[in-house]
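Following: one structure in C-alpha cells, then a few remarks.
Letters go in sequence order (proteins before strands), and every chain restarts at 1.
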There are 2 protein chains.
Amino acid sequence: MDKRITIYDLAKTLGVSAGTVSRSLNDHPSISQKTKDRVIFMANELGYKTNKFAVNLSKQKSNTIGVIVPKLNSIFMSTVLAGIEKVANEAGYNLIISQSLESMEKEKLNAKTLYDSGVDALLVSLAYDTTDFVHFANYIKNKIPLIFIDRVHNLPNCSTIIIDNKSAGFEATEHLIAQGCKNLLHISGNLKRNVYSERLKGFQEALAKHNLKFKDANLLESDLAPSSVKEVIAHIKSVDIPIDGLFVANDTFAAHCIKELKKEKYNIPSDIKIIGFNNDPISELVTPALSTINYPGYELGVLAGQSVISHLNGGIDLHPANSITLRHKLIIRESTL
Amino acid sequence: MDKRITIYDLAKTLGVSAGTVSRSLNDHPSISQKTKDRVIFMANELGYKTNKFAVNLSKQKSNTIGVIVPKLNSIFMSTVLAGIEKVANEAGYNLIISQSLESMEKEKLNAKTLYDSGVDALLVSLAYDTTDFVHFANYIKNKIPLIFIDRVHNLPNCSTIIIDNKSAGFEATEHLIAQGCKNLLHISGNLKRNVYSERLKGFQEALAKHNLKFKDANLLESDLAPSSVKEVIAHIKSVDIPIDGLFVANDTFAAHCIKELKKEKYNIPSDIKIIGFNNDPISELVTPALSTINYPGYELGVLAGQSVISHLNGGIDLHPANSITLRHKLIIRESTL
DNA sequence: TTGTATGCGTTATCAT
DNA sequence: ATGATAACGCATACAA
C-alpha cells in the first residue's frame with residue numbers, strides 16, 4: 001500500500017478515461033455493465049480505495065453529522081448518542097461528537113469548529129448556561145439542518161425532539177399528591193433550560209389543581225451536582241412544615257438525596273416520598289427503588305438520527321413536524337408507596 | 001454568505017497572488033508582516049472561511065481521530081470518551097465516534113469506515129467477541145497510530161492503555177479473604193477479553209496465596225447483562241458449600257446481584273460480602289454501598305488522547321512506553337464490612 | 001456509451 | 001518577499 005491507487009491509475013491500466021472509472025465506481029447508469037465489471041474487478045485487484053478527501057472537496061459534503069452534548073459521561077446522554085450513532089451509521093454517516101461541558105463558551109467553540117470542519121448537519125443539546133444563539137446563525141443561513149434534542153430552543157427552521165416535560169412533571173407531582181403528600185418540594189435544575197422550567201410548570205399546575213398553594217419554599221433550584229445534596233438537606237430541615245414529598249429533576253440526584261436522607265434518619269417513603277426523572281438504570285437499583293418518569297433516551301436518539309438523515313436525503317422529512325414529542329411514562333416504585 | 005470567499009477572491013481584491021494569501025493566513029515566515037496584516041484584515045472583512053475539504057485533500061490529513069467503543073451507553077465508556085474528547089478538542093482534533101455494539105462484525109465495518117474516511121489515528125476498545133484483528137492491518141501498514149484502551153490486544157507498534165487488572169483482581173479478592181470469606185465466587189465477563197481474564201488470574205492467585213483451592217464452582221462466566229442475574233442466584237443456591245464472598249467483574253452487575261440477593265433474603269455483607277469493579281457512580285448509591293476497584297476512566301481517556309496527539313504531532317511520544325498502566329485503587333465500603 | 005476538460009480550494013515547489 | 005503553477009483525487013458538464 002505504498003502508493004495509493006487513484007482512478008487515474010485504474011484508467012491507465014484499463015485503457016479507459018478517468019471519467020469512465022469514476023462513473024463505473026459510482027454505478028452511473030450511462031456506463032455499460034461490461035465496463036463497470038471490468039473497472040470494479042481491477043479496482044479490487046489493485047486495492048483501490050476511494051479518497052474521501054477528494055470526494056468531499058468535489059461535493060462540498062462530508063457525510064458527517066456533528067453532535068454537541070453538554071456532557072458525554074451521563075448515562076442519559078450516552079444513551080441518546082447510542083441511538084443517534086446506530087441510525088447514522090446505518091445510513092452511512094459518521095458522527096463527530098463534542099461536549100460543551102455545560103459551558104456556552106465551549107458550545108460556541110464547538111459549533112464553530114464543527115461548522116468549519118464541514119458537517120452536513122448538527123444535533124445539539126444545549127449547555128446549562130446557554131443564553132444566546134448566534135453561534136448557530138451560520139448553520140441556519142447556510143441551510144445546514146440543525147436539530148435540537150432534549151435541551152432545546154426554538155429557532156426558525158430548526159426541529160426539536162423532546163418529551164412533554166410539563167405534563168411529565170405534572171404526572172410526577174400528581175402521583176405524589178395521590179400518595180398523600182401535602183407539602184412538596186421540587187428540586188429543579190437551571191430554570192433557563194426548557195426541560196427544567198417545563199417540569200416546574202407541571203409541578204405548579206398539579207399543585208394548583210389540587211388546591212395546594214405554591215410557595216417559595218416548595219422550590220429549590222440546584223446545579224444537581226452530588227455535592228449540592230447538603231443544601232437540599234439543609235433546606236428540608238429548615239422548613240417550617242415538614243416536607244413529605246420530593247420531586248427531583250433527575251434520578252442521579254434523587255439517588256443522592258435518598259442516600260443522604262436515609263443517613264439523616266428520614267424514612268423513605270413513610271416520612272418523605274421521592275420521585276425522580278429519566279428512569280436511569282440507577283433508579284431501580286437504589287433502596288428503596290426510585291419512582292420516576294421514563295424518558296426514552298435511546299428512542300430519542302434514533303428519532304433524532306432519522307430526522308437528520310431524512311433531512312439530508314432529499315430534504316423530504318419523514319417527520320414533517322417541526323417538533324417531535326415522545327411519549328413519557330410514570331414508573332411507580334417503592335420510593336413513593 | 002451566498003458565495004463562499006476563497007483565497008482567490010482575497011487575492012484578487014488585494015492584488016496579490018493566491019499563494020501569498022495562503023501563506024499569510026498560515027503565518028508563513030516568508031511573508032512580510034505588512035502583507036499578512038492586509039490579508040488577514042481583508043479576510044475578516046469579507047468573512048473568509050478556510051475550506052477544510054480542500055485543506056484535507058491537499059494535506060491528506062483530516063485532523064480527525066476515530067474511536068471505536070463497544071457501547072456508548074455505559075458510564076465507564078462515556079467517561080473515558082469524555083477524557084479523550086477533552087484532550088483531542090484542546091489539540092484541535094475532532095473525534096469520530098462509533099460503537100461496535102459488542103460485535104466483531106460491526107467493529108470490522110467501523111474500522112473500515114473510519115479508515116476510508118481518513119482518520120489520522122484510531123482508538124479502540126475491543127468488542128466482546130473480537131477474535132481476529134485483520135481489520136486493523138491497514139492502519140498498521142499505513143502507519144496510522146492505533147491505540148487500544150481498556151480492552152486491548154497486543155499488536156506490533158500499537159500502544160495499549162490499561163490498568164493492572166490482574167493485581168486489581170488480586171487485591172479485590174484478598175480483601176474479601178481478609179474480611180473472612182472462605183468460599184468465594186468470581187463472576188466474570190467474557191474470558192477472551194484481557195480485562196476479565198486478567199481479573200480472574202488475580203482472583204486465582206489470591207486464592208492460591210491463601211491456600212484456598214480454586215474449583216470450577218468458584219467461577220461463573222457471564223455476559224453481565226442484568227437479565228443474567230438469575231443464573232447467578234441459581235448458581236449460588238445450587239452450590240454445596242455456601243458462597244460467602246462475591247467478586248463481580250463490574251459494578252452495575254454487582255448492583256443487580258445485591259438487589260436480587262436481598263430479595264432472596266441474603267444479608268449483605270453478613271451472609272455474603274460483595275465487591276465490584278470500576279467505581280461507577282452507582283457503587284456508592286446502592287445499599288449497602290458497594291466496595292469496588294477504582295478504575296480511572298477519565299484519566300484513561302485523557303492519557304489515551306494525549307498519547308494519540310503526541311503520536312500525531314511530530315511523532316515523538318510523550319509516553320514512549322508501548323503500554324501505559326494506570327493506577328487502580330481498592331475502595332472499601334459497607335458491602336464487604 | 002465513453003472521453004475531455006475543468007472545477008473544487010488549498011498547499012507546495014519553483015522561479016523571480 | 002512574492003508570483004506562477006502544478007499537484008491533490010474525484011465529479012461532472014459538455015462533447016463525441
Side-chain angles (χ1 to χ4, degrees), chain A residues 1-43 46-64 92 115-120 142, chain B residues 1-43 46-64 92 115-120 142:
Chain A
M1 195 142 301
D2 304 279
K3 281 134 201 155
R4 235 182 130 117
I5 307 289
T6 73
I7 54 171
Y8 293 109
D9 300 325
L10 287 176
K12 199 156 52 181
T13 62
L14 285 165
V16 297
S17 76
T20 301
V21 174
S22 171
R23 281 181 284 239
S24 297
L25 259 16
N26 293 311
D27 205 24
H28 192 286
S30 78
I31 300 287
S32 75
Q33 192 56 46
K34 199 176 145 194
T35 307
K36 281 181 189 169
D37 291 343
R38 283 182 63 220
V39 170
I40 289 166
F41 175 81
M42 189 55 76
L46 270 53
Y48 166 81
K49 303 229 137 252
T50 140
N51 184 321
K52 285 267 167 75
F53 300 142
V55 177
N56 290 347
L57 174 60
S58 189
K59 296 210 200 172
Q60 297 294 346
K61 298 220 126 249
S62 64
N63 235 51
T64 274
Y115 180 79
D116 288 345
S117 74
V119 294
D120 296 342
N142 291 37
Chain B
M1 196 148 295
D2 304 277
K3 281 132 200 158
R4 234 181 130 114
I5 307 290
T6 73
I7 54 172
Y8 293 111
D9 300 325
L10 288 177
K12 199 157 51 180
T13 61
L14 286 165
V16 298
S17 77
T20 301
V21 174
S22 172
R23 281 180 287 238
S24 297
L25 259 17
N26 292 311
D27 204 25
H28 192 287
S30 78
I31 300 287
S32 74
Q33 193 56 47
K34 199 175 145 196
T35 307
K36 281 182 190 170
D37 291 343
R38 281 182 64 219
V39 170
I40 288 166
F41 175 80
M42 189 55 75
L46 269 55
Y48 166 82
K49 303 226 132 258
T50 140
N51 183 321
K52 284 268 168 74
F53 300 142
V55 178
N56 290 348
L57 174 59
S58 187
K59 295 210 197 170
Q60 297 294 347
K61 300 206 114 252
S62 64
N63 236 53
T64 273
Y115 179 78
D116 289 345
S117 74
V119 294
D120 295 342
N142 292 39

Exercise. Ignoring backbone atoms, establish whether A:Gln33 has a side-chain N or O less than 4.0 Å from OP1 or OP2 of C:dT1.
Key: no
Quiz prompt | Under-4.0 Å side-chain N/O to phosphate OP1/OP2 contact, B:Ser32 with D:dT2 | solution = yes
Practice problem: Determine whether more than 12 heavy atoms belonging to other residues, nucleotides or ligands lie under 6.0 Å from atom NZ of B:Lys59. | Solution: no
Exercise. Select base, sugar-phosphate, or nothing to describe what B:Thr6 touches, counting heavy atoms under 4.0 Å on all strands.
Key: sugar-phosphate
Self-check item: Duplex segments of DNA chain D, taken as runs of at least three Watson-Crick or G-U pairs that stay under 3.5 Å
Solution: C:1-16 with D:1-16
Self-check item: Donor-acceptor pair (no angle test) under 3.5 Å: B:Arg38 side chain, D:dT2 base
Solution: no
Quiz item: Just to confirm, is there a sub-4.0 Å distance from OP1 or OP2 of C:dA12 to any side-chain nitrogen or oxygen of B:Ser58?
Solution: no
Exercise. Please state whether the phosphate of D:dA4, meaning OP1 or OP2, lies under 4.0 angstrom from any side-chain nitrogen or oxygen of B:Ser17.
Key: no
Exercise. Would you indicate which nucleotide in C:dT10, C:dG9, C:dT13 comes nearest to any side-chain atom of B:Ile7?
Key: C:dT10
Practice problem: Using a 4.0 Å heavy-atom cut-off across all strands, classify B:Ser30 as base, sugar-phosphate, or nothing. | Solution: base
Exercise. Please check the phosphate of C:dT11 (OP1 and OP2 only) for any side-chain N or O of B:Ser22 closer than 4.0 Å.
Key: yes
Quiz item: In terms of side-chain geometry, is the basic nitrogen of B:Lys52 or A:Asp116 positioned less than 4.0 Å from the acidic oxygen of its partner?
Solution: no
Quiz item: Sub-3.5 Å donor-acceptor pair from the side chain of B:Asp37 to the main-chain atoms of B:Lys34, do we have one?
Solution: no
Practice problem: Could you check which of C:dG3, C:dT11, D:dA11 has an atom nearest any side-chain atom of B:Asn26? | Solution: C:dT11
Quiz item: Hey, which of these two, A:Tyr8 or A:Ile31, hits DNA chain C nearer its 5' end, going by closest nucleotide?
Solution: A:Ile31
Self-check item: Short side-chain N/O contact from B:Asn56 to OP1 or OP2 of C:dT10, under 4.0 Å
Solution: no
Quiz item: Can you find a side chain N or O atom of B:Asn51 that sits less than 4.0 Å from OP1 or OP2 on C:dC8?
Solution: no
